[in-house]
Amino acid sequence: MAATQPILAQIRSYWEELRAGRLMPLRAEIDPREMSPFLEVCFVLERQEPGDIRFRLAGMGVNDLMGMEVRGMQLRSLIVPEGRAHFSKQIDTLFTEPEIQEYKLISDADNAPHLKASMLILPLKSEDGEADRAIGCLTTDGIVGVPPRRFRVAELQRTSLITGLSQSNAVLTPQPAALAHAGFAEAAAVFEENPLDQPSAKPTGAPYLRVVK
C-alpha cells in the first residue's frame, strides 16, 4: 500500500458527496462499487459503547498490516499498548462531537523497518439516526515487513462538523524510551491484552470487505 494523499482525498470527497450538506451521511448510503479503486485500504467501524470502537468491515490491506483478520477487533489494536488508552478517548470524540479525524502514524519498533501511515476516519449515522458508525482508510509509506505492525500517533487533525474548524495536535504517543525517563510522572499502567481485541477467524484471500452479521 502506498500512502498517497489522493486516496484520502478521494474517500473524503466521496463522503462529502454523500453528506450533501447534512451533518453526516447514512451508513446505508455507502456503496462499495463507488469505492472500488480503494477498497483494499478501507474499513467500516462501529461504536458499540464509549471507547469500544470495532472493525465491522475491513479491506485486505488492513488485514495484511496485522497479519490476521481484523473483523470484530477494536480499532485501538492498531496502536502500541502505551498509547491505547489515550487513543480510545480521542477516537470516541469523533462520534460524540462529531468530527473528522486524520492521523499521522509511525511504526518504529527496533526489530522492524520504519513505517509511516495515514488514517482518515469519517463518521456515519446508522439507520436509527445515531452517530455510531464510521468509514475510514489506512495507507502506508514504507516496507510493511513482518506483521503485526502497531503504530504510535504522531499527529491528529480534528475537524468539527459543527463549526468546520480544524485543530492539529502533534506527538500524542510518546516512545517507550521517553516513558522510561519520565521520573516525575506517574508510573504507566501495565497493559493486559484484552481477549476481545483478538480476532476469532484466520485471514482468507477472499473478498476485500467482509460483513459482520
Side-chain angles (χ1 to χ4, degrees), residues 1-5 7-8 11-12 40-43 45 47 50-55 58-59 61-68 70 73-95 97 99-122 134-159 166-199:
M1 293 185 294
T4 53
Q5 188 62 31
I7 293 179
L8 273 65
I11 294 173
R12 184 161 181 171
E40 183 180 358
V41 297
C42 286
F43 53 82
L45 303 172
R47 181 180 186 254
D52 187 356
I53 317 300
R54 295 178 180 266
F55 288 102
V62 182
N63 293 330
D64 290 345
L65 275 176
M66 296 297 288
M68 63 185 77
V70 301
M73 291 174 61
Q74 293 193 16
L75 178 63
R76 68 181 186 183
S77 298
L78 295 174
I79 306 300
V80 293
E82 61 270 17
R84 290 179 183 176
H86 185 68
F87 176 79
S88 292
K89 292 180 181 178
Q90 293 288 346
I91 194 67
D92 214 46
T93 63
L94 179 138
F95 301 92
E97 293 301 326
E99 62 189 24
I100 296 169
Q101 294 185 356
E102 185 172 344
Y103 291 84
K104 300 299 181 184
L105 306 171
I106 298 174
S107 182
D108 52 2
D110 292 338
N111 60 346
H114 191 85
L115 183 65
K116 295 181 179 179
S118 296
M119 182 167 65
L120 174 68
I121 308 178
L122 306 156
I135 187 173
C137 65
L138 177 63
T139 61
T140 60
D141 182 11
I143 299 173
V144 172
V146 179
R149 298 303 303 266
R150 292 187 168 88
F151 298 88
R152 295 187 296 107
V153 176
E155 182 179 345
L156 167 60
Q157 179 174 298
R158 305 165 58 182
T159 301
S166 297
Q167 64 178 25
S168 181
N169 298 314
V171 193
L172 299 178
T173 307
Q175 298 185 46
L179 291 175
H181 289 85
F184 54 84
E186 295 181 1
V190 176
F191 176 82
E192 296 183 1
E193 191 73 32
N194 187 336
L196 294 179
D197 285 352
Q198 301 303 315

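Numbering starts at 1 and runs along the sequence shown.
How far CZ of F151 is from CD1 of I106: 10.0 Å, rounded to the nearest 0.5 Å. For the atom pair OG1 of T139 and CG of L105, the computed distance is 9.0 Å after rounding to the nearest 0.5 Å. A distance of 9.5 Å separates CD of Q101 from OG1 of T159, quoted to the nearest 0.5 Å. Interatomic distance, C137 SG to R12 CZ, rounded to the nearest 0.5 Å: 11.0 Å. Atom-to-atom distance recorded for I53:CD1 and M73:CE is 14.5 Å, nearest 0.5 angstrom. Considering CZ of R158 and CG of N169, their distance stands at 7.0 Å, rounded to 0.5 Å.
With R76 contributing its side chain and S88 its backbone, the two residues share no donor-acceptor pair below 3.5 Å. Of the possible polar contacts, none joining the R150 side chain to the S107 backbone as a donor-acceptor pair under 3.5 Å is found. A donor-acceptor distance shorter than 3.5 angstrom exists from the side chain of N63 to the backbone of V70, with no hydrogens or angles considered. Listed for the R84 side chain is a donor-acceptor partner under 3.5 Å among the backbone atoms of I79.
Exactly one of E102, E155, K104 qualifies for a side-chain hydrogen bond (donor to acceptor under 3.5 Å, both in side chains) with S118. That residue is K104.
Inspection of the T140 and K116 side chains reveals no N or O donor paired with an N or O acceptor under 3.5 Å.
For an aromatic pair to be called close, the ring centres must be under 6.0 Å apart, and F87 with Y103 satisfies this.
Side-chain contact between V62 and V41 is absent, with no heavy-atom pair separated by less than 4.5 Å. Under the 4.5 Å side-chain criterion, counting only non-hydrogen atoms from C-beta, L94 is not in contact with R47.
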What do the steps show when you test I121 against L45 for side-chain contact (heavy atoms from CB on, under 4.5 Å), and what is the final call? CA-CA 9 Å; I121 308 178; L45 303 172; 4.0 Å; yes
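When all heavy atoms of G67 and P147 are compared, the pair lying nearest together is N-CB, 3.5 Å.
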